[in-house]
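Here is the naming used below: chain letters follow the sequence lines, and residue numbers restart at 1 for every chain. Fair warning: this is a prediction, and the values are worked out from it, not measured in the lab.
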Amino acid sequence: MDLKPTKPLSGFIELLPAAQRFVDFCAARMLGVLRTCGFSYLDLPAIERAEVLTDKDNWDEIETQMYLFQKGDTKMGLRYDGTVGLSRYVAGHLNELTFPFRASQFSKRYRGERKQRGRYREFYQMDMDIMDINSLSTNYDAEIISVIQRTLDSVSEFIGDNYVLVGSRPFWDALFDYLGLTDNQKKEIFILIDKRDKIDDAEFSSWLSDILKNETLENEIKSVFTNGYAYFKGKSDKLDTAIKELTDFVEKLSVLGVKNAKIDLSITRGLAYYTGLVFEFKLSEYPELGTAAGGGRYANLVEKFSKTKIIGVGAAIGFSRIFVALSESGKIDLSKFESSVDVAVLIMGNENMPYAISVLNALRDNKIPSVAYLDTDKKFKNQIEYADKIMAKFSMIIGEDEVKNNFVTLKNMANGNQQTLPLADAIKLVK
RNA sequence: GCGGAUGUAGCUCAGCUGGUUAGAGCGUCGGUUUGUGGUACCGAAUGUCGCCGGUUCGAAUCCGGUCAUCCGCCCCA
């Protein structure tokens with residue numbers, strides 16, 4: 001009979017124990033930061049109604065990368081991000097929530113795209129969002145950025161330093177209006193700007209020229225990257241508003257203590273629901289991972305669910321992209337996550353088991369991570385090999401002599417030293 | 001969905017321009033050592049050489065197709 005495959009589906013992740021411990025350790029630290037920053041943790045459904053997930057405007061694009069299916073008459077799909085489900089949740093619990101509402105999430109997301117480095121079909125993202133009714137100060141945009149930085153910094157011993165690039169969709173909207181571009185041109189240039197870090201200047205110029213076919217306009221667009229956004233001051237009221245927002249925002253970030261922040265107008269975050277400032281975090285030491293976290297302001301997303309005007313600002317940390325990718329790449333030293341237990345209890349002969357189990361329970365009562373090798377008839381060599389392989393810090397050996405004298409033999413697995421002593425003393429040494 | 005590369009033992013790979021019984025290291029298991037691991041030595045098991053077809057006296061090797069994986073593109077709310 002043919003054996004069934006042992007590899008998971010392409011793009012789905014499973015980790016070895018040490019890598020999983022590393023990932024869990026980082027997640028716990030980062031979630032601790034979010035709790036400290038006053039976010040309420042939510043665990044929302046992985047499956048949503050299809051109509052919640054899809055946007056009829058660009059169904060074709062979505063369909064290829066979303067997991068959709070049907071049970072009975074209900075069309076549903078797996079969530080592809082955390083923001084859409086949160087918008088539904090907030091709109092559905094308006095009267096029960098206190099605004100500004102601060103929510104954090106840490107959950108699996110699903111996208112049916114081809115696997116690439118740091119990009120999976122099933123992956124974790126860690127989200128934080130702040131939503132309020134009718135208005136929401138850009139002070140909150142700045143706070144979100146400072147919270148992400150705090151979160152990333154909490155695991156900087158593994159991922160190194162980070163920096164943040166801030167873009168502005170209102171600036172481009174204002175500029176496009178000022179230049180009198182068509183809707184189609186706006187859309188295409190947005191896509192082009194977003195790609196700017198992947199292509200060279202010549203390519204950028206030639207694409208731009210294909211879209212605009214007007215050298216004056218092309219030069220105006222390019223001048224944003226050479227002369228900076230301040231160059232467009234005084235051209236139109238909308239531009240002035242957008243420029244002032246950016247200038248003020250830099251000040252806010254510095255008040256909040258955000259380091260390594262820079263305005264970079266090539267950050268646009270695709271085409272979707274963002275309406276205001278947008279930002280992306282990168283890791284200085286791992287540029288190949290791309291964007292480590294990204295987000296921005298969305299003023300209109302919740303209007304799909306509620307007539308109440310709800311404005312949000314939020315971000316997602318690409319958790320799997322960072323931590324799974326790093327642990328798989330071998331760039332992280334996982335040695336301190338290799339060991340799952342402090343003590344392995346080794347039992348020489350089944351008749352010594354009752355005593356050995358009382359030792360095991362005492363260890364566990366003292367919160368010492370411990371396991372016993374319960375196949376008591378196996379040769380002692382196998383038992384101590386097991387203790388070695390699971391990298392137990394100590395072995396506690398229980399045989400005839402130990403039972404008779406009500407002692408234990410404690411062996412330090414690192415240096416091989418061992419001594420026979422009362423259990424209470426052994427526990428003190430292990431702790 | 002598109003382009004490129006790669007498929008040989010559990011893993012990493014070798015196998016020259018086709019030649020008879022398919023190779024190594026690591027790992028696994030057993031033994032030297034049934035109250036002592038990490039080192040050493042000895043031994044063993046495991047392959048329809050991704051799959052199907054073609055060329056040939058003869059295919060892991062050459063050709064075609066197919067599937068899978070990896071890298072990149074598209075996309076990335």
Side-chain angles (χ1 to χ4, degrees), chain A residues 2-3 5-12 16 48 52-55 57-66 77 79-88 109-121 123 125 127 129 169 190-191 194-195 198-199 268-275 278 280 288 290-291 294-298 300-302 304 312 314-316 318 321 328 330 338 344 346-349 352 373 376-403 408-420:
Chain A
D2 283 347
L3 298 173
T6 58
K7 277 188 184 160
L9 287 167
S10 169
F12 288 76
L16 290 172
E48 293 277 1
V52 168
L53 296 173
T54 57
D55 190 349
D57 299 343
N58 55 348
W59 169 268
D60 285 347
E61 275 180 24
I62 287 165
E63 207 179 15
T64 59
Q65 50 183 296
M66 213 166 78
R79 66 178 160 214
Y80 50 81
D81 84 346
T83 315
V84 170
L86 180 66
S87 296
R88 178 192 58 71
R109 317 284 157 81
Y110 299 84
R111 289 184 199 175
E113 61 188 345
R114 288 258 185 241
K115 191 199 155 180
Q116 285 173 53
R117 183 189 9 244
R119 294 176 60 178
Y120 309 92
R121 286 177 158 172
F123 57 97
Q125 285 187 333
D127 290 33
D129 291 88
R169 299 189 61 129
F190 247 137
I191 294 172
D194 200 32
K195 283 189 204 303
K198 279 191 177 179
I199 60 182
T268 63
R269 303 286 296 152
L271 275 170
Y273 48 56
Y274 291 115
T275 56
V278 290
E280 293 187 355
E288 74 275 15
T291 301
R297 168 172 289 239
Y298 43 95
N300 304 325
L301 184 58
V302 188
K304 290 201 280 187
R321 166 172 289 192
E328 283 183 342
E338 289 291 349
L346 310 182
I347 309 167
M348 309 178 90
N352 300 316
Y373 195 96
T376 50
D377 290 332
K378 276 271 174 71
K379 281 190 288 189
F380 188 67
K381 179 183 160 71
N382 293 113
Q383 301 207 23
I384 198 152
E385 256 172 15
Y386 172 76
D388 181 41
K389 281 181 186 164
I390 63 172
M391 301 185 85
K393 296 183 184 74
F394 297 92
S395 285
M396 218 170 259
I397 300 165
I398 309 297
E400 206 184 336
D401 300 343
E402 286 79 4
V403 173
V408 299
T409 295
L410 181 70
K411 181 182 177 92
N412 180 322
M413 294 300 284
N415 58 25
N417 295 340
Q418 67 182 52
Q419 52 184 314
T420 300

Atom pair distance, as rounded to whole Å: CD in A:Glu280 and P in B:C76 = 13 Å

Identify all pairs in which a protein N or O lies below 3.5 Å from an N or O of nucleotides 69-72 of chain B, and state each distance.
{"residue": "B:C70", "atom": "OP2", "partner": "A:Ser10", "partner atom": "OG", "Å": "3.4"}
{"residue": "B:G72", "atom": "OP1", "partner": "A:Arg117", "partner atom": "NH2", "Å": "3.1"}

query = Is there a Watson-Crick or G-U wobble partner for B:A24 with both distances under 3.5 Å, and which nucleotide is it?
reply = B:U12

inquiry  = What is the separation between atom CD on A:Gln418 and atom P on B:G35, rounded to the nearest whole Å?
reply    = 13 Å

ask   = When all nucleic acid strands are considered with a 4.0 Å heavy-atom cut-off, which category describes A:Glu402: base, sugar-phosphate, or nothing?
value = base

ask   = Under 3.5 Å, is there a donor-acceptor pair between the A:Gln418 and A:Thr409 side chains?
value = no

request  = Tell me which nucleotide among B:A77, B:C76, B:U36 gets nearest to the side chain of A:Tyr273.
outcome  = B:A77

query = For B:C73, does either OP1 or OP2 sit under 4.0 Å from a side-chain N or O belonging to A:Lys195?
reply = no

inquiry  = Using a distance-only criterion (donor-acceptor N/O pair, under 3.5 Å, no hydrogens), is the base of B:U36 paired with the side chain of A:Glu385?
reply    = no

task = Hey, could you give me the CG/CG distance between A:Leu86 and A:Asp81, rounded to the nearest 0.5 Å?
result = 9.5 Å

request  = Report the base-pairing partner of B:U46 (Watson-Crick or G-U wobble, both distances below 3.5 angstrom), or none.
outcome  = none

Which nucleotide in B:A77, B:C76, B:U36 has an atom nearest any side-chain atom of A:Thr409 = B:U36

ask   = For the atom pair OH (A:Tyr110) and CG (A:Leu53), what is the distance rounded to the nearest 0.5 Å?
value = 13.0 Å

ask   = Ignoring hydrogens and angles, are the base of B:U36 and the side chain of A:Lys411 linked by a donor-acceptor pair under 3.5 Å?
value = yes

query = From A:Asn382 CG over to A:Asp377 CG, what is the distance, rounded to the nearest 0.5 angstrom?
reply = 11.5 Å

inquiry  = Without decimals, in angstroms, what is the distance between A:Asn382 CG and B:U36 C1'?
reply    = 12 Å

request  = Grab the CD1-C1' distance between A:Ile199 and B:C73 for me, whole Å please.
outcome  = 13 Å

message = Could you tell me if the side chain of A:Val52 sits less than 4.5 Å from the side chain of A:Lys304, heavy atoms only?
response = no

ask   = If we call it a pair only when both distances are under 3.5 Å in a Watson-Crick or G-U wobble match, what pairs with B:G7?
value = B:C67

Nearest-Å distance once atom P is located in both B:C16 and B:C75 = 43 Å

request  = Pick base, sugar-phosphate or nothing for A:Ile397, based on heavy-atom distances below 4.0 Å to the nucleic acid.
outcome  = base

task = Classify the side chain of A:Arg119 and the base of B:C76 as holding, or not holding, a donor-acceptor pair under 3.5 Å.
result = yes

request  = Find out whether A:Arg321 and A:Thr291 are in side-chain contact, i.e. whether some heavy atom of one side chain is under 4.5 Å from a heavy atom of the other.
outcome  = yes

message = So, under a plain 3.5 Å distance rule, would you say the side chain of A:Gln383 forms a donor-acceptor pair with the base of B:G35?
response = no

ask   = Do other residues, nucleotides or ligands put more than 12 heavy atoms under 6.0 Å from the CD atom of A:Glu338?
value = yes

query = With rounding to whole Å, what would you report as the distance between B:U20 and B:G38 at their C1' atoms?
reply = 45 Å

request  = For B:G53 and B:G19, measure between their C1' atoms and round to the nearest Å.
outcome  = 23 Å

message = Rounding to an integer number of angstrom, what distance separates B:C26 and B:C42 when you compare their P atoms?
response = 12 Å

Any strand: nucleotide that pairs with B:G72 via Watson-Crick or wobble, under 3.5 Å = B:C2

message = I need the A:Phe380 CZ to A:Met348 CE distance, nearest 0.5 Å.
response = 4.5 Å

ask   = Using atom P of each nucleotide, how far apart are B:A9 and B:G4 to the nearest Å?
value = 27 Å

key: Atom-pair distance (CG on A:Leu53; C1' on B:C76), nearest Å   = 15 Å

ask   = Side chains of A:Lys411 and A:Ile384: closer than 4.5 Å at any heavy-atom pair?
value = yes

request  = Provide the distance between the two C1' atoms, one in B:A59 and one in B:G72, to the nearest whole Å.
outcome  = 33 Å

task = Report the residue (A:Leu301 or A:Ile398) whose heavy-atom-nearest nucleotide on RNA chain B is the more 5′ of the two.
result = A:Ile398

query = What integer number of Å spans the C1' atoms of B:U21 and B:G25?
reply = 22 Å

ask   = Of all of residues 386-393 of chain A, which get a heavy atom below 4.0 angstrom from RNA chain B, listed by number?
value = A:Asp388, A:Lys389

request  = For A:Ala316, report the nucleic acid contact type (base, sugar-phosphate, nothing); a contact means any heavy atom under 4.0 Å.
outcome  = nothing

ask   = B:C76, B:A77, B:G35: which one has an atom nearest the side-chain heavy atoms of A:Met348?
value = B:G35

query = So what's B:U34 paired with, Watson-Crick or G-U wobble, going by both distances under 3.5 Å?
reply = none

ask   = When you compare B:A44 with B:U61, how far apart are their C1' atoms, in angstrom units rounded to a whole number?
value = 30 Å

query = B:G37 P sits how many Å from A:Asn412 CG, rounded?
reply = 16 Å

Distance-only donor-acceptor test, A:Arg109 side-chain atoms vs B:C76 base atoms, 3.5 Å = no

ask   = So, A:Tyr273 versus A:Thr83: side-chain donor-acceptor pair below 3.5 Å or not?
value = yes

query = Should B:G19 form a Watson-Crick or G-U wobble pair with both distances under 3.5 Å, which nucleotide is its partner?
reply = B:C57

message = On RNA chain B, does the nearest nucleotide to A:Ala414 precede the nearest nucleotide to A:Asp377 from the 5' side, or the other way round? Give the residue.
response = A:Asp377

request  = Establish, with yes or no, whether the OP1 or OP2 oxygen of B:G35 is under 4.0 angstrom from a side-chain nitrogen or oxygen of A:Lys379.
outcome  = no

request  = Measure across A:Gly314 and A:Asp129 and return the closest heavy-atom pair with its distance rounded to 0.1 Å.
outcome  = CA-OD2, 3.2 Å

message = Tell me the interatomic distance from A:Met66, atom CE, to B:G1, atom P, rounded to whole angstroms.
response = 18 Å

ask   = Do any N or O atoms from the side chain of A:Arg169 and from the backbone of A:Val278 form a donor-acceptor pair under 3.5 angstrom?
value = no

inquiry  = Between P on B:U36 and CG on A:Leu346, what's the gap in Å once rounded to a whole number?
reply    = 12 Å

request  = Could you tell me whether the side chain of A:Gln383 and the main chain of A:Ile347 form a donor-acceptor pair under 3.5 Å?
outcome  = yes

